[in-house]
Amino acid sequence: MAEPPRIVPPLRRKVLPPAPDRDGPPLNAAQADAASHGDTPLLIVAGAGSGKTRTLIHRVAALIRRGVPAGRILLLTFTRRAAQEMLTRCERLVGAASQQVQGGTFHGVAHRLLRRFGPSAGLPADFTILDQGDAVDLMGLTRSALGYGDLKGAPRSAPRFPRAETLLTVYSRHVNTGRPIADLLTDEWPHFTAWAGDVERCCADYVRRKAERNLLDYDDLLLSWALLLEQAPPIAAQIRALYDHVLVDEYQDTNPLQARILRALCPDGRLTVVGDDAQSIYAFRGASIRNILDFPTTFPGTRVVTLEQNYRSTAPILETSNAVISRSRERYSKSLWTERDGGEAPWLVTVRDERAQTEFVVGRLLELHEQGTPLREMAVLVRAGYLSADLEIELANRRIPYEKWGGLKFLEAAHIKDLLAFLRVLENPRDEVSWYRLLRLLPGVGDATARGAIDLLARHAWEPMSIGAVGEPGGLRVPAKARPGLAALAALLDGMRRVERGDRPHGPGESIRLVRQLYDPLLKATYDDAPPRLADLDQLETIAAGYPDRTTFLATLALEPPANTQDLAVGATGEDDALIISTIHSAKGKEWDVVFVLHASDGVFPMARAANDEAQVDEERRLLYVALTRARHELMVTYPLHSYSTRTGGDFAYSQLSRFLDPGVRRTMQRVTVGDDVPELLALPDTTAAPVVDLRALLRGQFGAP
DNA sequence: ACTAATGTCCTTTTT
DNA sequence: GGACATTAGT
């Protein structure tokens, strides 16, 4: 309990232990071909475990050997984890020179470019970045300001206007794919089509608010990059001149907007992309397989290289994976093969319920650990972050260290967001989202007073003291209870701004310490579990102190948030050897000796909401494929017969085995049962075999309807 | 008029 | 458990 705060340094490149394939065997013919390719567009279609990242990095090395300066090579990926992995491995292979290789996520690179070129394109230098949650909050302000909140008089059963989160999803999809709002609604949210005009109105207002308040959301980073390239010729020329070669990993996860950026960035085609259509799992973010399929058309003269040999998994694991993905409707034709013989068939483990699943995983991993597999070489993969909750509790109880990837972030906790709102208002006084958040913290201040205060601020050049002047002519009319809070907030922020204009401004750590004098008492009053939250704030203060200035601190937090703290290992020595628990999305591109895949039931694979749409079901199938192909030697898929449903207040319900594990797939696996009361329930229904009769059709036709 | 408390429905994945 | 709507309370 009384652990010292864990220190997360400002995010730089992480130092990892040497990889097992440090130099590795020589590249195979196709890999070498790709690595040594010249200056024309190159598309590498690479299956799971076929060494695509390794090939990409060898290509970087080859370019450097050919005399391309490392600093003029740009490596791009879609996710932070992939970016870090790539840059780390690059460093390991090419040594110090690669330290200058440029790279990161599309969003991260866009941000760097905007800080540099934004001011000459009319973008104020003190903009702040909205993360997902902030953007939803802002959309919420729009939603109620336009009167879509309380539609009074509407019957309870009447369809409701889309929630703020949905509105933002629609808007984001529009930006990332370029498709009109109305079309998106028709295709994916048909129950909202009647409101197309209103949804567009919300999006327009949201865009206007961002501009007025000096705020950029994630999509704006990409969009601005594209616009600079397309519509600001002098700046575009400068940006293009920065890079000789651009290489993109996980290309199947990029969306049309990102493709647009690449087109404008590499008009001469010195571009390499690597991807695997079978691992495309980001359609929900607008990613499109078309990006890969159309690449040779977009970039005439493209050379296509296919990598089919798998170096990662044993033959049985590959056989199961191939069986799963072969049911896909649409894909690049390629089949993975391996020279690695031997190995056990993957386990399909039937357990009674989630508790039994946890017991099995813990028991098995301890067994393997004793046989010599380090914890770090084992991973537990889940469809969604919350699905590992039960396991995490047990691991904590048993003092087994683990590290969790994906799922809820440290930064998404309310108390962290509250604290950061103070800093953001200091950074960007027009930040309406943060103002609203701060004001609502104060006792006696609700929606109306907060909005009134923001109006007042807008009329007084965003001077904090203007909200302290309550009751005076032109001031704010507020409930008496709210006055002390408003005055205190105004005084604090005003004081801090004065100091900032002086010669010795506060560092980020110091700022947090000052802000907490006001915030800590509020926190203690609102939460009954204050101590762990206060500990989080301690840690945030420590992290902040490691940054040179507030601008860097806030931007880094928005784009590269540190791992969460509360869920980190509780083990005595921690860190060095820890089991990995990860969402499948965050596990992409990684591999482990031993992999557990949990909750292989329908409703999870595929997720219940995706089960009615064929395209979404396909994506869910690819997701399972990605999970299975992470394993090198041992793969265990668990399936709980009962699932615990919190929906109905804690009832148990029977669940079905995932439809993706059909009889053909199951033949490639070995069935394992745990516990004694399971066997008689083992007769899994064969849901894929053709039914003897179609009962539903018979029922439908009982009145002789056509 | 406004805030605070209560009730109801839906609950993914990442930047 | 969180977002949102509704009701109770000042």
Side-chain angles (χ1 to χ4, degrees), chain A residues 76-83 104-111 129-137 139-140 143-144 148-154 156-158 160-167 169 172 175-176 216-222 250 253-255 257-258 280-287 381-387 389 405-409 411-414 439-440 442-452 477-482 526 558-561 582-588 599 603-610 616 619-620 622-623 626-627 645-648:
Chain A
L76 287 171
T77 61
F78 181 64
T79 63
R80 289 181 292 123
R81 191 166 298 285
T105 62
F106 276 85
H107 293 85
V109 172
H111 174 247
I129 299 172
L130 296 175
D131 69 20
Q132 171 86 2
D134 303 326
V136 170
D137 289 350
M139 189 62 95
R143 185 175 182 271
S144 48
Y148 293 111
D150 45 359
L151 301 171
K152 62 175 192 294
R156 189 155 301 204
S157 60
R160 290 152 300 255
F161 193 71
R163 311 184 318 160
E165 193 182 358
T166 309
L167 291 170
T169 306
S172 176
V175 174
N176 282 288
L216 295 187
D217 63 20
Y218 286 144
D219 297 328
D220 287 328
L221 296 174
L222 297 183
E250 308 284 10
D253 291 331
T254 59
N255 59 44
L257 178 55
Q258 288 161 322
S280 159
I281 53 174
Y282 280 95
F284 70 93
R285 280 284 292 125
L381 305 185
V382 288
R383 172 67 182 83
Y386 70 90
L387 291 172
W405 297 354
L408 263 188
K409 304 286 181 321
L411 265 150
E412 285 161 21
L439 290 161
R440 293 293 306 262
L442 306 172
V445 177
D447 178 72
T449 305
R451 283 170 189 280
R477 298 178 65 89
V478 297
K481 271 198 298 188
T526 33
L559 291 170
E560 325 202 49
S582 176
T583 62
I584 298 172
H585 283 87
S586 291
K588 182 91 99 58
H599 291 283
V604 176
F605 292 102
M607 208 104 219
R609 275 201 304 171
Q616 287 184 54
E619 173 144 323
E620 299 281 315
R622 293 193 294 267
L623 203 51
V626 167
S645 153
T646 46
R647 276 291 284 288
T648 52

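The sequence lines fix the lettering, A, B, ..., with proteins before strands; numbering per chain opens at 1.
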*A:A448 side chain: which of B:dT14, B:dT15, B:dC2 is closest?*
B:dC2

*Whole-Å distance separating the CZ atom of A:R163 from the P atom of B:dT11*: 7 Å

*Could you tell me the separation between the CZ atom of A:R440 and the P atom of B:dA5, rounded to a whole number of Å?*
12 Å

*Quick one: sort the A:Y282 and A:H585 rings into parallel, tilted or perpendicular, breaks at 30° and 60°.*
perpendicular

*Rounded to whole angstrom units, what separation is found between the CZ atom of A:R160 and the P atom of B:dG7?*
19 Å

_What's A:V445 touching, base or sugar-phosphate or nothing? Going by heavy atoms closer than 4.0 Å._
sugar-phosphate

*Got A:K588 and A:T79 here, is their nearest side-chain heavy-atom distance under 4.5 Å?*
no

*Please answer whether B:dT13 and A:F284 are stacked, defined here as ring centres separated by less than 5.5 Å and planes angled under 30°.*
yes

*Please tell me if the side chains of A:F605 and A:I584 come closer than 4.5 Å, counting only heavy atoms from C-beta onward.*
yes

*Report yes if at least one side-chain N or O of A:T449 is closer than 4.0 Å to OP1 or OP2 of B:dT3; otherwise report no.*
yes

*Can you tell me if the side-chain N/O atoms of A:R80 get under 4.0 Å from OP1 or OP2 in B:dT15?*
yes

*Any N or O donor-acceptor pair linking the side chain of A:R285 to the base of B:dT15 at under 3.5 Å?*
yes

*asked:* What's the closest nucleotide to the side chain of A:R143 if the choices are B:dT15, B:dT14, C:dC4?
replied: C:dC4

_In whole Å, I'd like the distance from the CG atom of A:L167 to the P atom of C:dA3._
15 Å

*In terms of the nearest nucleotide of DNA chain B, which residue is placed more toward the 5' end: A:G108 or A:D447?*
A:D447

*asked:* Expressed as a whole number of angstroms, how long is the span from A:M607:CE to B:dT13:C1'?
replied: 9 Å

*Of the nucleotides B:dT13, B:dT3, B:dT14, which one has an atom closest to the side chain of A:A384?*
B:dT13

*Side-chain touch A:S280/A:R622, heavy atoms, less than 4.5 angstrom*: yes

_Minimum heavy-atom distance A:V478-A:T449, with the two atoms named_ = CG1-CG2, 3.4 Å

*A:K588 NZ to B:dT15 P, straight-line distance once rounded to whole Å*: 11 Å

*Is A:F78 touching bases, backbone alone, or none of the nucleic acid, heavy atoms closer than 4.0 Å?*
sugar-phosphate

*Nearest nucleotide by nearest heavy atom, which residue falls closer to the 5' end of DNA chain B, A:H585 or A:K481?*
A:K481

_Using whole Å, what does the distance between atom C1' of nucleotide B:dT15 and atom CD of A:E250 come to?_
15 Å

_So A:A164, base contact, sugar-phosphate only, or nothing? Heavy-atom distance under 4.0 Å._
sugar-phosphate

*asked:* What is the separation between atom CG on A:L387 and atom P on B:dT11, rounded to the nearest whole Å?
replied: 14 Å

